[in-house]
Asker: 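This is the structure I want to talk about, given as C-alpha cells.
Just so you know, these numbers use all the heavy atoms, side chains as well, and skip hydrogens, waters and symmetry mates.
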Amino acid sequence: MVTRDASADVGTPDVVPREKGIATIDQLKIGMKLYTLHLASNEHRLAEILSIQTRKGEPYYYVHYDEFNKRLDEWVPASRFDLTREVEFPLPEDQHARAGTHGAHGSPAPQKNLKRGRGSQGGRDSISGTAGGTPKAQKRARGATATSPPAPSGGKENEDPSRVQTPGTTGEGVDDDTAMSVDGDKKDLVVPATPAATQPAPERPHGSLSQSTNEISKVRNLTSIQIGKHVVEPWYFSPYPVEFTELDTMYICEFCLCCFGSSRSFQRHRQKCTLLHPPGNEIYRDSDVSFFEVDGRRQRTWARNLSLLSKLFLDHKTVFSDVDPFLFYCMTTRDAHGCHLVGYFSKEKGSPDGYNVACILTLPQYQRCGYGRLLIEFSYTLSKREGKQGSPEKPLSDLGLLSYRAYWQDTIVDMLLETKGEVTIDELAQKTAMTPTDVLHTLLSLNALKFYKGQHVICLTDAVVTQKEKQRERWKARGDAEGSSRRN
C-alpha cells in the first residue's frame, strides 16, 4: 500500500486558483497538473509535470503525485495520462510572484530571514561542485569511473575550494529546504546593505544538514543502479556526473563504491579491486554481521562515495566534500566473497549539539529485515560506552522517524516493565542513553504520563502492556531469541 505524505509536495502550492480545461499532448508543459495512471494503486491520480525529456524519439514526463512522497516521483510516457479529464494549467509568472511561491522549475522567492550558512573560510562545500560541475568530470568518458578507490591516508588532493553563496542567488548544493541554513546553527543572519565582499565570514556550521531552495526542484537523475547482485531504483537526486544520468543503469562497486557507466568497465574494475570490506577497523562481529568504523579524514574518497550513494535515498541530508569531522559506522553481512554493505550511520566526532547520529541509512534491498533497528541500537550502545546521552540529528526522514519512534517506544516500555519501584525521566534517559526530551516525547506518545495527587507519574496503560505481550509472543513463535535487535 502506497503511503501519502502531504508535506512532501514539491509542486506549486495552489494559493491562486489555476485555470482548468481540456489539453492535448502537444499542449503539455512543465507546471501542468493532470490525472496520471499510478501503477502501484492502478488508479489515475493528480500529478504535476516537473520535467520533460525525449527518449528514443518519444516524450517522457517526470511527474510528482499530489499528497505523495517525493521518492514516488517517476518518468511516465504520455500514454499514462488521462486527457479526457480537465487539466490544471500552470500559473502565469505575475501570479507566481503575487502568491509568493515558486514552481518546480521557477525562480525562488526572496527570503526574508536567511539562515547562517557556509563561510568562505573553512566552510563545508557541497560535493556537487566536484562530482558533476568541474570541467574534468565533464570530459570523462561514459565508461570511466567518477571516483577513485579509497586512499590509505588523508591528504589535500581531494579537498575542494569553498563556494560563497550570496543572498538572492541559487546555489548548487544537494540539500532541501530554505537557502543557507544549517540545523546546527539556528541564528538568523541579518543582511546589511553593504557589498558581499565586505561582509564577515560566518562561523563554520556543525552537523550534516543544510537547506536550499533549489533542491526541492531537483529531478531524480538516475534510472537505476546495480550494486553487488542487486538492481535498485533510486529515490532522489544525487550529484553524480552528468554522463551517468543518460544511462539506463549505473554500476557501483559494493566494496570501494566507485561508479561505472558500462558493464565492461565495471567487470575490469572488479578484477583489479582488492577491497573486500569498508576501509576501516572492524569493531563488532557476530555470526554474520560486522561493523566497521571508518574515519572520514583518513578515507576521504570512500566517505564521499558513500555520501553520494546515500543521497540517492536520503532527501533531507546534504552531501559534503568535507567529511573529515565524521566517523562512519558501516554495517555489513559476511560471506565467502567479502563483507557486503547493508547500511551505515555517520557521527560527528565532536557534535556541539549532542547528536549521536548525523545520517543513518539502510540500503533499500536490505530494508524490513531488522537491520535499521540494529543500526539505531548500535548508535545508542556507543553512546552508553562514551557515558553520554544522544539523539539523532533533525529533521529525520519519514522512514527514519518511524524507525526511531518504534525503537524509542520498545526501549522505554521494556525498561519500565523491567524496573521495580519508582523511576524518573532522567533515570530512564541515563539507562537508555536517550536524551530526556526524547524520553518525554515517547512517554507522551504512549499516553504514559498521568497527573496524580498534584504531580505527574509514569504509568503504562493496559493497551500498551497487552500489545507488548503479543509482540513477545510473535517473536517467540518465530524463534527470534533476540527479538527487538532484529526488527525495524
Side-chain angles (χ1 to χ4, degrees), residues 118-137 140 144-163 172-175 182 184 204-210 227 238-241 244 252-260 269 272-283 291-314 317-332 339 341 343-351 355 357-361 393:
R118 306 179 185 89
S120 59
Q121 299 290 336
R124 295 179 190 171
D125 187 17
S126 168
I127 203 168
S128 62
T130 63
T134 59
K136 291 184 179 179
R140 292 190 182 112
T145 59
T147 47
S148 303
S153 60
K156 297 294 183 181
E157 68 278 1
N158 288 324
E159 292 191 353
D160 307 309
S162 299
R163 295 195 305 268
E172 297 181 359
V174 290
D175 30 52
V182 174
R204 178 187 179 89
H206 297 279
S208 69
L209 178 71
S210 184
I227 177 168
S238 186
Y240 280 99
F244 292 99
I252 297 179
C253 176
E254 61 178 330
F255 298 113
C256 69
L257 304 183
C258 296
C259 54
F260 301 85
H269 166 79
K272 300 176 182 179
C273 183
T274 59
L275 199 62
L276 296 178
H277 58 78
N281 299 323
E282 186 178 12
I283 60 176
F291 274 85
F292 291 84
E293 182 185 65
V294 180
D295 191 336
R297 183 183 66 83
R298 294 181 177 272
Q299 298 292 343
R300 286 184 181 141
T301 300
W302 192 90
R304 291 172 182 173
N305 291 347
L306 179 63
S307 297
L308 277 173
L309 174 63
S310 63
K311 186 63 183 72
L312 291 172
F313 309 104
L314 293 175
K317 296 298 181 181
T318 294
V319 179
F320 286 117
S321 65
D322 184 6
V323 293
D324 290 17
F326 294 94
L327 293 172
F328 297 84
Y329 293 91
C330 305
M331 181 171 57
T332 64
C339 296
L341 183 66
Y344 84 101
F345 68 88
S346 60
K347 179 179 181 180
E348 206 168 5
K349 296 175 183 176
S351 174
Y355 294 132
V357 166
C359 292
I360 185 169
L361 170 70
E393 187 176 321

Asker: Report the distance from atom NZ of Lys347 to atom CZ of Phe326, rounding to the nearest 0.5 Å.
Answerer: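 The distance works out to 12.5 Å.
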
Asker: Could you check whether any side-chain heavy atom of Leu276 comes within less than 4.5 Å of a side-chain heavy atom of Cys339, counting everything from C-beta outward?
Answerer: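 When only atoms from C-beta onward are counted, Cys339 and Leu276 do not touch, as no gap falls below 4.5 Å.
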
Asker: Which value, rounded to the nearest 0.5 Å, describes the distance between Leu309 atom CG and Leu257 atom CG?
Answerer: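 Here the rounded value is 6.0 Å.
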
Asker: Sequence neighbours left out, what passes ring-ring contact (aromatic ring centres under 6.0 Å, His included) with Tyr344? Give chain and number order.
Answerer: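 In terms of ring-ring contact (aromatic ring centres under 6.0 Å, His included), with neighbours along the sequence ignored, Tyr344 is linked to no residue.
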
Asker: Please check if the distance between the ring centroids of Tyr329 and Phe345 is under 6.0 Å.
Answerer: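 Centroid distance Tyr329-Phe345: below 6.0 Å, so yes.
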
Asker: Measure the CD-OG1 distance between Glu254 and Thr332 for me, rounded to the nearest 0.5 Å.
Answerer: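 The CD atom of Glu254 sits 10.5 Å away from the OG1 atom of Thr332.
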
Asker: Please report the interatomic distance CG(Leu308) to SG(Cys258), rounded to the nearest 0.5 Å.
Answerer: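 SG of Cys258 is found 11.0 Å from CG of Leu308.
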
Asker: Describe, in one word, how the ring planes of Phe244 and Tyr240 are oriented to each other, choosing from parallel (under 30°), tilted (30 to 60°) and perpendicular (over 60°).
Answerer: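 Taking Tyr240 first and then Phe244, their aromatic rings stand perpendicular (interplane angle over 60°).
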
Asker: Between Trp302 and Cys330, which heavy-atom pair has the shortest distance, and what is it?
Answerer: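 That closest heavy-atom pairing would be CH2-SG, 3.4 Å.
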
Asker: So do the side chains of Leu306 and Leu341 get within less than 4.5 Å of each other, counting heavy atoms only?
Answerer: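 Yes; the side chains approach each other to less than 4.5 Å.
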
Asker: Write down the atom of Asp324, the atom of Gly296, and the distance for their closest heavy-atom approach.
Answerer: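 Shortest heavy-atom separation between Asp324 and Gly296 comes out as OD1-O, 3.9 Å.
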
Asker: With a 4.5 Å cut-off on side-chain heavy atoms, are His269 and Cys256 touching?
Answerer: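 Yes, close enough: below the 4.5 Å cut-off.
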
Asker: Which atom pair, heavy atoms only, marks the closest approach of Ser238 to Lys311?
Answerer: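 Residues Ser238 and Lys311, closest heavy atoms: OG-CB, 3.5 Å.
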
Asker: Grab the two heavy atoms, one from Val294 and one from Pro279, that are nearest each other, plus how far apart they are.
Answerer: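 Closest pair (atom of Val294, atom of Pro279, distance): CG1-O, 4.0 Å.
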
Asker: Is the shortest heavy-atom distance from the side chain of Leu275 to the side chain of Cys253 under 4.5 Å?
Answerer: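 No, side chains not in contact.
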
Asker: Using modelled atom types only, decide if a donor and an acceptor are shared between the side chain of Asp295 and the backbone of Arg297 within a distance under 3.5 Å.
Answerer: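 Yes, the answer is positive, given that a donor and an acceptor are paired below the 3.5 Å cut-off.
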
Asker: Where do Ile252 and Cys259 come nearest, in terms of heavy atoms and distance?
Answerer: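 Answer, listing the atom of Ile252 first, then Cys259: CG1-CB, 4.2 Å.
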
Asker: Got a sec, which residues hit salt bridge (charged side-chain N to carboxylate O under 4.0 Å, His left out) with Glu293, two or more places apart in sequence or on another chain?
Answerer: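 Glu293 satisfies salt bridge (charged side-chain N to carboxylate O under 4.0 Å, His left out) with no other residue.
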
